[in-house]
Amino acid sequence: AKEAAEALVNDPDNAGVDAIAAAEEALKKAIDTIVINYSNSTGDEVPPIGKIYTGYAGALTIDEETADETINGASKIRIVLDCAPDVAYNEYADMIELETIISGTKINQNYRGVGDGTVGEKDISIELALDTPIKTGDSVSVTAATYSWSNAADYVFAITKLEYLDADGKVLKTVSGANDTEKLDSFNEAVANAKSLIASSKYTEESVKALEEAVAKADALLTESNGRPLPSKMSVIEEEIAKAIEVLVELPKGNISGTVVTPNANDEVTVTVATADGAEVAKATSANGEYTVSDLEDGEYVITFAAEGYVTRSYKATVAGGDITLEAEIHIVGDINGDGTITTVDVGLANAHAKGTQTLEEYDFEVAEVSGDDMITTVDVGIINSTAKGA
């Protein structure tokens with residue numbers, strides 16, 4: 001159409017009104033029937049929809065869907081195929097059988113090869129006229145098979161494209177091995193997200209069953225189709241995944257609360273909750289000695305209490321839903337017995353440890369070790385003694 005229009009431009013003497021109008025109409029019609037090339041941007045070869053093997057063992061489902069408005073009114077189906085490298089589409093046998101089922105009505109057609117029978121020939125088109133045009137809501141199934149070329153090394157034909165055409169030959173919809181790359185990406189992303197949700201262990205065992213079943217179907221579909229499932233089959237499973245996600249029920253979250261004992265209940269204490277590997281998940285500040293940390297998932301936690309002038313203290317707790325009460329107590333630096341003041345009692349405890357007559361352990365050790373050298377010596381005793389005397 002473009003070449004014909006250019007010819008008129010280059011030959012204005014013959015470019016009458018009627019000829020120009022006809023050329024313009026031809027261009028518009030040609031544009032309407034353009035089929036997008038869905039080859040990827042890297043220029044890789046577009047994979048086929050699938051391959052047909054001999055003896056009907058390899059009957060291929062080319063498309064299977066419920067018709068929507070995009071193919072409403074389709075009265076022809078055209079498939080495009082490539083011959084295998086050792087196969088020719090010749091005129092001596094019924095080479096391929098195309099079967100279409102429209103809402104239960106079956107149409108079969110055998111196609112005999114044509115042409116010179118070039119081995120490995122590509123872009124061969126065959127068409128099937130439908131007795132009744134497809135309507136929105138019809139179930140549509142298109143399969144192809146062959147008995148020919150039983151001696152083929154591998155497959156016989158590769159189906160590269162299927163087109164739904166209206167009565168005027170306009171292409172209404174194209175199905176190819178590449179035109180659903182975006183759909184396949186979406187499908188794979190949905191499957192990966194579903195697997196992530198399952199692995200998170202955030203949901204009840206009962207509610208996650210449907211999602212596990214949908215993921216199993218998705219994996220089976222990808223396996224049986226060598227990673228190139230039909231769009232319609234992807235849509236069905238992707239919808240199952242979406243519905244299964246909607247009904248997921250989160251496991252009940254846990255809460256940790258309690259009282260932080262300090263000499264002065266008004267002292268501001270920061271409460272930090274971390275996982276066993278040290279990842280912080282929550283933080284709170286106590287008010288009048290009371291604290292609450294909410295919405296914790298099941299697991300092991302380390303809860304740390306810190307305040308200015310106090311020795312930081314950590315406790316361990318296991319959350320398994322519900323409420324946990326954890327009472328905590330932190331001491332002023334040097335206040336070993338935790339009575340709120342540093343006295344000669346604390347000096348005596350530190351001195352006994354320094355002399356080896358008594359051992360301070362864990363939190364008591366941390367409170368008494370005031371010099372920062374990770375040992376309790378006469379240096380620590382002297383510092384605590386000075387504090388006790390008010391020096």
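- Ion pairing between E24 and K29 fails under the 4.0 Å rule for side-chain N and carboxylate O.
- Partner of V370 under the side-chain contact (heavy atoms from CB on, under 4.5 Å) criterion, out of I384, I376, I342: I384 alone.
- Here the CD atom belonging to E163 is positioned 13.0 Å from the CD1 atom belonging to I71, to the nearest 0.5 angstrom.
- N108 has its side chain within reach of E97: a pair of non-hydrogen atoms, C-beta onward, lies under 4.5 Å apart.
- Side-chain contact check for N337 versus L349: some heavy-atom pair is nearer than 4.5 Å.
- A donor-acceptor pair is defined here as one N or O able to donate and one able to accept, closer than 3.5 Å; such a pair exists between the side chain of T160 and the backbone of V80.
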Requested in this report: Would you check, one step at a time, whether the test side chain to side chain contact (heavy atoms under 4.5 Å, CB included) holds for I77 with T100?
Outcome: CA-CA 9 Å; I77 291 175; T100 300; 3.8 Å; yes

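- Remark: side-chain polar atoms of S196 are not paired, donor with acceptor, to backbone N or O of A192 under 3.5 angstrom.
- For the atom pair I330 CD1 and D335 CG, the distance stands at 11.5 Å (nearest 0.5 Å).
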Query raised in the report: Do M95 and N90 pass the side chain to side chain contact (heavy atoms under 4.5 Å, CB included) test, and can you show the C-alpha distance, the side-chain angles, and the key distance before you say yes or no?
Result: CA-CA 8 Å; M95 300 296 293; N90 61 46; 4.1 Å; yes

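- Annotation: the span from L360 atom CG to F365 atom CZ amounts to 8.0 Å, rounded to 0.5 Å.
- Linking ILVMFWY residues whenever their side-chain heavy atoms come closer than 4.5 Å, directly or via other members, places L197 and V215 in the same cluster.
- Salt bridge status for K195 with D219: present, with a side-chain N to carboxylate O gap under 4.0 Å.
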Query - Steps toward side chain to side chain contact (heavy atoms under 4.5 Å, CB included) verdict (V381, V379) - result: CA-CA 5 Å; V381 175; V379 175; over 6 Å; no

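- Side-chain N or O atoms of S207 include none that pairs as donor or acceptor with a backbone N or O of L248 at under 3.5 Å.
- Salt-bridge check for K217 with E213: failed, with every basic side-chain N at 4.0 Å or more from each acidic carboxylate O.
- There is a path of hydrophobic side-chain contacts, each under 4.5 Å, that joins V191 to Y203.
- Atom-to-atom distance recorded for Q358:CD and D364:CG is 9.5 Å, nearest 0.5 angstrom.
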Report task. Go through the steps for T174 and Y164 under the test side chain to side chain contact (heavy atoms under 4.5 Å, CB included), then give the verdict. Result -> CA-CA 7 Å; T174 301; Y164 293 95; over 6 Å; no

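- A368 approaches I336 most closely through the heavy-atom pair CB-CD1, 3.5 Å.
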Return a table of donor-acceptor pairs under 3.5 angstrom between the side chains of residues 123-137 and protein atoms on other chains or two or more places apart.
unit_1: E127; atom_1: OE2; unit_2: R78; atom_2: NH1; d: 3.1

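- Annotation for E268 and A307: closest pair O-CB, 3.3 Å, computed over non-hydrogen atoms.
- In this structure, N10 contributes its side chain and E6 its backbone to a donor-acceptor pair below 3.5 Å.
- Follow the hydrophobic side-chain contacts under 4.5 Å out from V281 and you reach L326 in the same cluster.
- Rounding to the nearest 0.5 Å places CD1 of I101 at 5.0 Å from NZ of K106.
- Linking ILVMFWY side-chain heavy atoms closer than 4.5 Å, directly or via other members, places I245 and L251 in two distinct hydrophobic clusters.
- No donor-acceptor distance shorter than 3.5 angstrom exists from the side chain of H353 to the backbone of T359, with no hydrogens or angles considered.
- By the rule that hydrophobic residues join a cluster once side-chain heavy atoms approach within less than 4.5 Å of another member, V260 and V302 end up as members of separate clusters.
- Pairing each heavy atom of I52 with each of A145, the nearest pair is CG2-CA, 3.8 Å.
- Residues I256 and T292 fail the side-chain proximity criterion, which asks for heavy atoms closer than 4.5 Å.
- Contact of the I62 side chain with the T143 side chain is not registered, since no non-hydrogen atoms from C-beta on lie closer than 4.5 Å.
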Query raised in the report: Can you list the steps and then say if S186 with E238 is a side-chain hydrogen bond (donor to acceptor under 3.5 Å, both in side chains)?
Result: CA-CA 9 Å; S186 172; E238 196 166 351; 2.9 Å; yes

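- In terms of heavy-atom proximity, Y155 sits nearest to C83 at OH-O, 4.4 Å.
- Across every non-hydrogen atom of V87 and A152, the tightest pair is CG2-CB, 4.1 Å.
- Formation of a donor-acceptor pair under 3.5 Å by the T275 side chain with backbone atoms of A279 is found in this model.
- Here the side chain of T262 pairs a donor or acceptor atom with the backbone of N264 at under 3.5 angstrom.
- Expressed to the nearest 0.5 Å, how far OH of Y89 lies from CZ of F157 amounts to 6.5 Å.
- Residues F187 and I237 form a side-chain contact, since some pair of their non-hydrogen atoms from C-beta on lies under 4.5 Å apart.
- When all heavy atoms are compared, the tightest approach of A5 to L27 is CB-CD1, 3.9 Å.
- Under a 3.5 Å cut-off, the side chain of D168 and the backbone N or O of K170 do not form any donor-acceptor pair.
- Using a 4.5 Å heavy-atom cutoff, the side chains of E329 and F305 are not in contact.
- Applying the side chain to side chain donor-acceptor pair (under 3.5 Å) test to every pair with at least one member in residues 297-313, sequence neighbours left out, gives these pairs: D267-Y310, E300-T318, T304-S314, R313-Y315.
- Listed by first then second residue, pairs satisfying side chain to side chain donor-acceptor pair (under 3.5 Å) with a partner in residues 366-377 read E369-S371, S371-D373, S371-D380, not counting sequence neighbours.
- Using a distance-only test at 3.5 Å, with no hydrogens or angles considered, no donor-acceptor pair links the side chain of T146 to the main chain of T54.
- Within the 4.5 Å cutoff, no side-chain heavy atoms of V311 are placed close to those of I332.
- For K76, the NZ atom is loosely surrounded, since the number of other residues' heavy atoms within 6.0 Å does not exceed 12.
- For the pair L98/V142, a side-chain contact is recorded, criterion being any heavy-atom separation below 4.5 Å from C-beta on.
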**Report entry** Pair K209-E205, salt bridge (Lys or Arg N to Asp or Glu O under 4.0 Å): steps then yes or no
**Finding:** CA-CA 7 Å; K209 283 182 180 178; E205 183 178 347; 5.6 Å; no

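- Side-chain N or O atoms of D86 include one that pairs as donor or acceptor with a backbone N or O of A153 at under 3.5 Å.
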